[in-house]
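Have a look at the structure below before the remarks.
Order of listing sets the numbers, starting from 1, for every ligand and every atom in it. Because the structure is a prediction, the values reported are computed rather than measured.
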Amino acid sequence: MTGSTTLPLNIALLISLISLSSSIDFQGSLIHSNSPRSPLYNPKAMPSDRIKASVTNSLSRHRYLEFSKSPSRASPDWVQAPMRPHGIGYVMSYYIGSPATETFGIADTASELIWLQCLPCDYCFDQKLPIFDPIKSSSYRKIKCGDPECQTMDTTICRTDYDICSYSIGYEDYSSSAGDFSSERMIFSDNRSSANYTLLNMLFGCGHSNVAIDEGADNPPGMIGLNNQSLSFLSQIMLNEFSYCLVPIDEVNGSSPIHFGLSASIVGGMTPILDVGGYDGFYYLGLEGISVENEKLPIPVDTFTVKADGSGGFIIDSGTTYSILNSTAHDMLIKEVANKTSLPRVDDTTEQFQLCYNCSIQELDLTPDITFHFTGVGVDLLMTKTNTWTDNGEGLYCLAILPTDGFSIMGTHQQQNINIGYDVMKRVVSFKPMDCTKPPA
Ligand SMILES: *[C@@H]1O[C@H](CO)[C@@H](O)[C@H](O)[C@H]1NC(C)=O
Ligand SMILES: *[C@@H]1O[C@H](CO)[C@@H](O)[C@H](O)[C@H]1NC(C)=O
Ligand SMILES: *[C@@H]1O[C@H](CO)[C@@H](O)[C@H](O)[C@H]1NC(C)=O
Ligand SMILES: *[C@@H]1O[C@H](CO)[C@@H](O)[C@H](O)[C@H]1NC(C)=O
Ligand SMILES: *[C@@H]1O[C@H](CO)[C@@H](O)[C@H](O)[C@H]1NC(C)=O
Ligand SMILES: *[C@@H]1O[C@H](CO)[C@@H](O)[C@H](O)[C@H]1NC(C)=O
Ligand SMILES: *[C@@H]1O[C@H](CO)[C@@H](O)[C@H](O)[C@H]1NC(C)=O
C-alpha cells in the first residue's frame, strides 16, 4: 500500500477542510433496506424472503471481507471494497453535483471508497433513481494521472492513451465497479435543522462499468466508505468521530440517526480499536469472551485474535446483518444456551439457523442472557432478546448468530438499540444500550 495516512490534497482545499471539520456537526439518517422508506424496499418480499436474504448477505459479506483481508488482495486490481453492490444494509442519502441531485449509498464501516454509478454506462445494474450524469454537473472534475489525488489510491490504473486516473474494485464473486476517479460537490443535510453541509471536491469513484450479481434486484447506486483509510468519507472531511444508533428492525418505518462530528456521541463503555499491524481497513475489536447467564464459556483465548498471517480477529461492521462467530465459540454458545433453555427446541424449518424454539416472543424471556465481554473496563455488552433472537420467517425464534471457520463479525442485528460511537483518533469504539427511537437525553 503506497497511500500514506495524510492526504496530498491541494493546500487551499486543506485549509477549507480544516476550518470546516472543526464545525462539522450533522445528523443523517440510516434507513434499513427492509423499511418501506428505503429506496431499496421490495414490497413483494415475504418475511421469510427477508430473513433468507439477510442470512445470505451475512455469509457472502463474510466471504468478501475474509477475501479482502487475505494476502491475495495485494493484486493491484483489487481493493477492500467488500460489499457487493446490492440489496441489504443501511442507506444514507445525499446530494451530488451542481445542480444537486439526490442519491444514496450504503454506509459501510468496512470499506474506504465513496462510489456511485455514473453515465454513460458501459454497463450499469438497475437502480430506481436516475443514474448520475456528470456531464450535466458544473462541479464535476475527473482526476488526471498526474494529479496528487491519484496517488492516494492504491488501485488506480493509468493508461497511456487516457490521462484519467481510473479505479477498479472487484469482488470475489466477480461483481465490480470501475470508472473514473473524480471529484464533485456533495451535500449532506442535517436531519434536525435541515441545514446543509456542502462539501467541495469530494473524491469518489464515478462507475461507468458496474456489475451486480443479483440482476433484477433493487440495487443501491453506490457505497459510502466509513473506514479510516485516506479516501473514506471520514478521512476526506477530516472527521475523527461518528456515532449511530440502529432502531430495531421491526420498527419498519423508523430511521436510525447517524451523527458526524461534534454531535457524535462517544458514550458508555469504551473498547480500543485494535492495531493489527498496518491493516486499517476494518474496525477490529478485542472480544475477550462470551457469557451465558453469568457463566463464561471456555472459549480458547486466541479464538478472536488476529494471527501473524492476518487471519482471524473480530470486527464490528455496518454491512453484515447477523453476527458471525468462529465455530469454536459458536458451538459452545449454542450448546450452553440450549442447555439453559427449557422451551420446545425444533429444527429450523428454513435450515438457516442452528438453534430454534417454537415459542412466543414473551417466552424468549425464559432464555438465558448472553453477554459479550470486550477489552476494557465495564465493556460487558448484555444482548437483549431482540438482539439475540430472530423470527425465522416461519414462526420459530432462532439464535441470530451464524458459524464460520474464519474470522468473526459483530453484525447489525446485534447492534440494535445500542448507541455505537467511533473515535478513530483516540482509537475507541463505545457502546451504550439505549432506545434508538428516542432522541438522546
Ligand atoms: C439542501 O440542498 C438541497 C439540494 O440542493 C436542496 O434541495 C435543499 O433545499 C437544501 N436545503 C436547505 C435548507 O437549504
Ligand atoms: C429525522 O429523524 C426523525 C427521528 O429519527 C425521523 O422521524 C425523520 O423521518 C428523519 N427525517 C429524515 C428526513 O430522515
Ligand atoms: C409504515 O409506513 C407505511 C407507509 O406509510 C404504512 O402503510 C405502514 O402501516 C407503516 N407501518 C408501521 C408498522 O407503522
Ligand atoms: C476458527 O475455527 C476453525 C474451525 O473450527 C479453526 O480451524 C480456526 O483456526 C478458527 N480460528 C480462526 C481465528 O479462524
Ligand atoms: C446441562 O449441562 C449439565 C452439566 O453439563 C448437564 O448435567 C445437564 O444434563 C444439561 N442439561 C440439558 C437440558 O442439556
Ligand atoms: C409450533 O407450535 C404450534 C402449536 O403450538 C404448531 O401448530 C406448529 O406446528 C409448531 N411448529 C413447528 C415448526 O414445530
Ligand atoms: C485513523 O487515522 C489516523 C490518521 O491517519 C490515525 O492516527 C489513527 O490511528 C487511525 N485510527 C485507526 C483506528 O486506525
Side-chain angles (χ1 to χ4, degrees), residues 1-9 14 17-18 21 29 31-39 41-45 47-48 50-51 69 80 109-112 152 154 225-243 247-255 260 264 266 270-286 306 313-318 343-364 374-376 391-398 420-430 437:
M1 162 135 192
T2 51
S4 64
T5 44
T6 48
L7 262 181
L9 293 173
L14 213 80
L17 279 173
I18 288 168
S21 64
S29 301
I31 311 282
H32 193 269
S33 38
N34 289 352
S35 164
R37 295 175 48 188
S38 161
Y41 181 65
N42 174 4
K44 293 195 208 91
S48 56
R50 296 190 205 287
I51 307 283
K69 76 205 261 296
Q80 61 290 352
T109 56
S111 75
E112 175 179 13
T152 54
D154 50 348
L226 291 176
N227 76 4
N228 191 37
Q229 289 175 308
S230 45
L231 292 173
S232 77
F233 179 68
L234 282 192
S235 302
Q236 287 199 54
I237 61 177
M238 294 184 163
L239 272 192
N240 299 328
E241 297 176 326
F242 70 104
S243 64
V247 301
I249 286 293
D250 46 10
E251 303 270 344
V252 290
N253 291 336
S255 73
F260 292 94
I266 316 291
M270 312 260 178
T271 191
I273 297 169
L274 303 180
D275 185 350
V276 298
Y279 189 68
D280 51 0
F282 301 152
Y283 295 111
Y284 281 96
L285 305 180
V306 179
F314 178 90
I315 68 163
I316 182 165
D317 180 32
S318 66
L343 289 168
R345 181 172 175 177
V346 282
D347 286 337
D348 180 6
T349 43
T350 60
E351 297 180 354
Q352 301 178 101
F353 298 103
Q354 293 193 356
L355 181 63
C356 300
Y357 294 101
N358 188 359
C359 67
S360 67
I361 192 161
Q362 290 80 14
E363 285 173 310
L364 288 179
F374 290 94
T375 304
D391 182 333
N392 79 339
E394 298 190 349
L396 301 181
Y397 283 98
C398 302
I420 302 184
Y422 296 73
D423 185 329
V424 299
M425 261 314 163
K426 295 195 181 119
R427 303 188 64 94
V428 291
V429 163
S430 70
T437 61

Just so I know, are the side chains of Gln352 and Cys398 near enough to count as touching, which here means a heavy-atom distance under 4.5 Å? no
Is the side chain of Ser235 donor-acceptor paired with the backbone N or O of Gln229 at a distance under 3.5 Å, no angle test? yes
Which atom pairs, nitrogen or oxygen on both sides, join ligand 3 and the protein at under 3.5 angstrom?
residue: ligand 3; atom: 2 (O); partner: Asn253; partner atom: OD1; Å: 3.0
residue: ligand 3; atom: 2 (O); partner: Asn253; partner atom: ND2; Å: 2.4
residue: ligand 3; atom: 11 (N); partner: Asn253; partner atom: ND2; Å: 2.9
residue: ligand 3; atom: 14 (O); partner: Asn253; partner atom: ND2; Å: 3.2

Do Phe233 and Phe242 have their ring centres less than 6.0 Å from each other? no
With respect to Arg427, determine whether any N or O atom, backbone or side chain, lies less than 3.5 Å from an N or O atom of ligand 7. yes
Gln236 side chain to Leu231 backbone, donor-acceptor under 3.5 Å: yes
Please determine if Asn358 has a nitrogen or oxygen closer than 3.5 Å to a nitrogen or oxygen of ligand 6. yes
So, Asn392 and Glu394: side-chain donor and acceptor under 3.5 Å apart, yes or no? no
Does an N or O anywhere in Val424 fall below 3.5 Å from an N or O of ligand 7? yes
The single option from Leu355, Leu343, Leu364, Asn358 that satisfies side-chain contact (heavy atoms from CB on, under 4.5 Å) with Tyr397 is Leu364
Could you list the atoms of ligand 7 found under 4.0 angstrom from a heavy atom of Met425? 3 (C), 4 (C), 7 (O)
Evaluation steps, side chain to side chain donor-acceptor pair (under 3.5 Å), between Ser38 and Ser35: CA-CA 5 Å; Ser38 161; Ser35 164; over 6 Å; no
Does Leu396 form a side chain to side chain contact (heavy atoms under 4.5 Å, CB included) with Val346? I'd like the steps, not just the answer. CA-CA 8 Å; Leu396 301 181; Val346 282; 3.7 Å; yes
